[in-house]
S.K.: 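First the structure, then my questions, so here it is.
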Amino acid sequence: MSFSAKVDRFQAHAVISCMVYFLSASAIALASSASLKVGYYASTCPSAEAIVRRAVNKAVSQNPGLAAGLIRMHFHDCFVRGCDGSVLLDSIPGSRAEKEHPANNPSLRGFEVIDEAKLQLEYVCPQTVSCSDILAFAARDSAFKVGGLNYAVPAGRRDGHVSLFDEVAQNLPPPTFNAKQLEDNFARKGLSLDEMVTLSGAHSIGVSHCSSFSTRLYSFNATHPQDPSMDPNLANLLKQRCPPPSNTNRGTTDPIVPLDILSPNHLDNKYYKNLKNQRGVLTSDQTLANNPSTAWMVTNNARHGSTWATKFAKAIVRMGSIDVLTGSKGEIRRSCRIVS
């Protein structure tokens with residue numbers, strides 16, 4: 001056999017091996033997703049979803065900002081180790097948990113809502129409803145409470161045993177990512193470019209610490225101290241809330257501002273309208289309107305709010321099936337903060 005023939009044969013074998021690996025991984029993911037089902041607790045704990053919804057409604061009525069916190073918590077859970085409730089676990093001696101990472105602490109909110117729902121569920125249905133399912137239900141109920149978005153949540157997730165500080169940065173996209181980096185990050189989780197843009201609409205609610213975007217205000221680059229892609233009026237408003245970082249205030253004060261100045265507690269498609277007007281607060285938001293591969297999606301979502309809402313519901317259900325533990329894998333925790 002000639003050398004070139006050997007090379008061709010080797011390359012063909014490599015391609016086939018890669019295809020087999022990809023298809024096997026996809027089959028495993030689909031199998032896990034397929035084992036989730038709507039109405040999973042209909043016979044074992046019929047009141048499960050109602051209990052979670054009551055806990056969420058009570059908490060969000062008192063503090064509307066918790067809706068954004070719970071939706072974000074579901075995202076942060078699913079992107080690190082899959083949707084297994086690992087973000088809910090507390091640190092243990094010798095091992096810091098995900099929730100202690102700067103991407104989660106102190107910005108991630110709503111742990112007490114999950115605790116309250118779990119406490120009630122353990123009284124009614126002991127060791128039956130997983131913390132990861134509670135979080136998925138709570139994200140749905142939050143979207144309904146502040147945006148009127150309602151959708152069925154397939155359940156049957158089980159809880160993981162591990163939560164590692166260092167895995168957060170390896171999996172969660174930072175607020176400085178551009179559109180291509182975001183696309184790649186979501187693709188590694190099995191989510192499409194359109195699903196990434198659609199789920200980003202969750203930033204129509206919630207807040208951000210100034211440190212997540214202060215570079216855009218004060219030290220963008222050598223030519224432009226202020227990011228020229230940011231609406232100057234928005235920049236001036238943000239500067240009133242976010243002082244320039246300095247050696248005296250660094251690490252001691254980090255104010256928060258709404259991601260959507262106009263309607264910070266209403267989940268809707270105004271987020272995309274803001275992006276079209278150069279009023280995205282985070283780099284990872286504004287990049288969606290500035291990149292040709294995603295700009296047309298931003299325009300469509302800005303024009304068609306009901307279509308975006310439908311897509312958002314489908315996308316968050318898809319996200320909720322990432323690397324789930326089902327069957328005999330994992331456990332049902334008694335407390336969402338510790339392994340049983």
Side-chain angles (χ1 to χ4, degrees), residues 68 71-72 75-76 78-79 143 147 149 171-208 210 212-239 257-264 266-319 322:
I71 293 172
R72 182 166 174 252
F75 164 60
H76 282 213
C78 290
F79 265 53
L149 279 69
N171 290 280
L172 286 181
T176 54
F177 263 13
N178 61 36
K180 183 62 172 67
Q181 291 170 315
L182 288 169
E183 178 183 5
D184 292 344
N185 178 268
F186 275 65
R188 286 194 292 273
K189 305 301 177 181
L191 297 172
S192 70
L193 179 62
D194 187 61
E195 287 171 324
M196 180 271 287
V197 175
T198 299
L199 289 170
S200 295
H203 281 180
S204 67
I205 55 175
V207 297
S208 172
C210 293
S212 295
F213 58 86
S214 60
T215 300
R216 299 188 71 199
L217 300 178
Y218 299 109
S219 54
F220 185 66
N221 60 33
T223 306
H224 302 284
Q226 182 176 298
D227 186 348
S229 73
M230 179 182 285
D231 171 51
N233 292 326
L234 174 63
N236 291 336
L237 181 61
L238 293 175
K239 285 179 177 179
V257 299
L259 290 168
D260 181 347
I261 302 295
L262 298 179
S263 56
H266 189 64
L267 181 62
D268 54 30
N269 70 326
K270 288 181 182 176
Y271 163 83
Y272 301 100
K273 298 175 182 178
N274 287 337
L275 298 188
K276 286 178 64 62
N277 292 321
Q278 305 297 304
R279 295 179 67 84
V281 173
L282 304 177
T283 296
S284 55
D285 288 329
Q286 193 56 54
T287 185
L288 303 181
N290 298 345
N291 188 292
S293 67
T294 52
W296 65 275
M297 299 178 187
V298 170
T299 297
N300 283 346
N301 290 338
R303 288 176 178 170
H304 308 292
S306 59
T307 301
W308 166 77
T310 300
K311 291 198 306 176
F312 182 87
K314 292 180 180 178
I316 200 168
V317 167
R318 280 253 300 144
M319 184 191 78
I322 295 174

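Just so we're clear, the structure is a prediction, and the values are computed from it rather than from any experiment. Heads up: numbering here begins at 1 and tracks the sequence. As a basis for the values below, the full set of heavy atoms in this structure was taken, side chains included, without hydrogen atoms, waters or symmetry mates.
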S.K.: Only pairs at least two apart or in different chains count here, so list each salt bridge (charged side-chain N to carboxylate O under 4.0 Å, His left out) that has a residue in residues 175-187.
M.R.: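 Passing the test, one end in residues 175-187: Lys180-Asp184.
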S.K.: Go through the structure and list residues passing salt bridge (Lys or Arg N to Asp or Glu O under 4.0 Å) with Glu195, not counting sequence neighbours.
M.R.: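 Only Arg318 meet the salt bridge (Lys or Arg N to Asp or Glu O under 4.0 Å) criterion with Glu195.
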S.K.: Taking only residues two or more places apart in sequence, or in another chain, which ones meet Ala313 in a side-chain contact (heavy atoms from CB on, under 4.5 Å)?
M.R.: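 Partners of Ala313 by the side-chain contact (heavy atoms from CB on, under 4.5 Å) criterion, ordered by chain and then number, come out as Tyr151.
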S.K.: Return the set of residues passing side-chain contact (heavy atoms from CB on, under 4.5 Å) with Ala235 (not counting sequence neighbours), or none when no residue passes.
M.R.: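 Applying side-chain contact (heavy atoms from CB on, under 4.5 Å) to Ala235 gives Leu217, Gln226, Met230.
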S.K.: Any non-hydrogen side-chain atom of Met297 less than 4.5 Å from a side-chain atom of Tyr272?
M.R.: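 They are not in contact (no side-chain heavy atoms under 4.5 Å apart), so the answer is no.
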S.K.: With rounding to the nearest 0.5 Å, note down the distance linking CG in Asn301 to NZ in Lys270.
M.R.: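 That separation rounds to 15.5 Å.
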S.K.: May I ask you to check whether Tyr271 and Asp285 show a side-chain donor-acceptor distance below 3.5 Å?
M.R.: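 A pair is found: one side chain offers a donor N or O, the other an acceptor, under 3.5 Å apart.
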S.K.: Applying salt bridge (Lys or Arg N to Asp or Glu O under 4.0 Å), can you list everything that pairs with Arg72, at least two apart in sequence or on another chain?
M.R.: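 In terms of salt bridge (Lys or Arg N to Asp or Glu O under 4.0 Å), with neighbours along the sequence ignored, Arg72 is linked to no residue.
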S.K.: Can you run down the salt bridge (charged side-chain N to carboxylate O under 4.0 Å, His left out) pairs that involve residues 302-316, sequence neighbours left out, and say none if there aren't any?
M.R.: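 Passing the test, one end in residues 302-316: Asp194-Lys311.
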S.K.: How long is the span from the OG1 atom in Thr198 to the CG atom in Leu191, to the nearest 0.5 Å?
M.R.: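 Between atom OG1 of Thr198 and atom CG of Leu191 there are 10.5 Å.
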S.K.: Show, in sequence, the C-alpha distance, side-chain angles and deciding distance for Thr215 and Thr283, and conclude whether the side chain to side chain contact (heavy atoms under 4.5 Å, CB included) test is met.
M.R.: CA-CA 10 Å; Thr215 300; Thr283 296; over 6 Å; no
S.K.: Starting at CG of Leu238, measure out to CZ of Phe213 and round the result to the nearest 0.5 Å.
M.R.: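 Going from CG on Leu238 over to CZ on Phe213, the span is 5.0 Å.
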S.K.: Check whether Thr287 reaches the backbone of Asn178 with its side chain - one donor and one acceptor, N or O, closer than 3.5 Å.
M.R.: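 Flag not set: sc Thr287 to bb Asn178 has no pair under 3.5 Å.
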S.K.: Of all residues at least two apart in sequence or in a different chain, which pass the side-chain contact (heavy atoms from CB on, under 4.5 Å) check with Asn185?
M.R.: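 Testing Asn185 for side-chain contact (heavy atoms from CB on, under 4.5 Å), a comparison that skips the adjacent residues, returns Phe79, Pro173, Phe177, Arg188.
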S.K.: Once you round to the nearest 0.5 Å, how far does CE of Met319 lie from SG of Cys78?
M.R.: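 If I round to the nearest 0.5 Å, the distance is 4.5 Å.
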S.K.: Measure across Thr294 and Ala179 and return the closest heavy-atom pair with its distance rounded to 0.1 Å.
M.R.: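 Nearest heavy atoms, Thr294 then Ala179: OG1-CB, 4.1 Å.
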S.K.: What verdict does the side chain to side chain contact (heavy atoms under 4.5 Å, CB included) test give for Leu288 and Met196, after you've listed the backbone C-alpha separation in whole Å, the side-chain angles of each residue and the deciding distance to 0.1 Å?
M.R.: CA-CA 10 Å; Leu288 303 181; Met196 180 271 287; 3.8 Å; yes
S.K.: Applying salt bridge (charged side-chain N to carboxylate O under 4.0 Å, His left out) as the test, list every pair that has at least one member in residues 226-235; sequence neighbours left out.
M.R.: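 Listed once each, the pairs are Arg216-Asp227, Asp231-Arg279.
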S.K.: What residues, two or more places apart in sequence or in another chain, satisfy ring-ring contact (aromatic ring centres under 6.0 Å, His included) together with Phe312?
M.R.: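 ring-ring contact (aromatic ring centres under 6.0 Å, His included) list for Phe312, sorted by chain: Trp308.
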S.K.: Would you please test Phe75 and Leu172 for side chain to side chain contact (heavy atoms under 4.5 Å, CB included) and show each step?
M.R.: CA-CA 9 Å; Phe75 164 60; Leu172 286 181; 4.3 Å; yes
S.K.: Please report the shortest heavy-atom distance between Leu282 and Ser212, naming the atom on each side.
M.R.: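 Nearest pair, atom of Leu282 first, then Ser212: CD2-CB, 4.0 Å.
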S.K.: Kindly write out the residues that satisfy salt bridge (Lys or Arg N to Asp or Glu O under 4.0 Å) with Asp268, not counting sequence neighbours, or none if the list is empty.
M.R.: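 With sequence neighbours excluded, Asp268 shows a salt bridge (Lys or Arg N to Asp or Glu O under 4.0 Å) to no residue whatsoever.
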S.K.: How far does CG of Leu262 sit from OG of Ser204, to the nearest 0.5 angstrom?
M.R.: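 Here the interatomic distance stands at 11.5 Å.
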S.K.: How far apart are the closest heavy atoms of Ser208 and Leu259, and which atoms are they?
M.R.: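 Nearest heavy atoms, Ser208 then Leu259: CB-CD2, 3.6 Å.
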S.K.: For Asp260, what residues pass the side-chain hydrogen bond (donor to acceptor under 3.5 Å, both in side chains) criterion, not counting sequence neighbours?
M.R.: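 Partners of Asp260 by the side-chain hydrogen bond (donor to acceptor under 3.5 Å, both in side chains) criterion, ordered by chain and then number, come out as Ser263, Asn274.
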S.K.: Below 4.5 Å, heavy atoms only, C-beta onward: do Asn269 and His304 meet side chain to side chain?
M.R.: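 Sidechains of His304 and Asn269: no contact.
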S.K.: If you take all heavy atoms of Pro258 and Val281, which pair is closest and at what distance?
M.R.: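 Heavy-atom minimum between the residues: O-CG2, 4.1 Å.
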S.K.: By side-chain hydrogen bond (donor to acceptor under 3.5 Å, both in side chains), which residues pair with Thr307, not counting sequence neighbours?
M.R.: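 None.
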S.K.: For the residue pair Lys189 and Asn171, establish whether any side-chain heavy-atom pair is separated by less than 4.5 Å.
M.R.: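 Sidechains of Asn171 and Lys189: in contact.
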S.K.: Where is the tightest heavy-atom contact between Gly280 and Leu275, given as atom of each residue plus distance?
M.R.: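 So the minimum-distance heavy-atom pair works out to CA-CD2, 3.6 Å.
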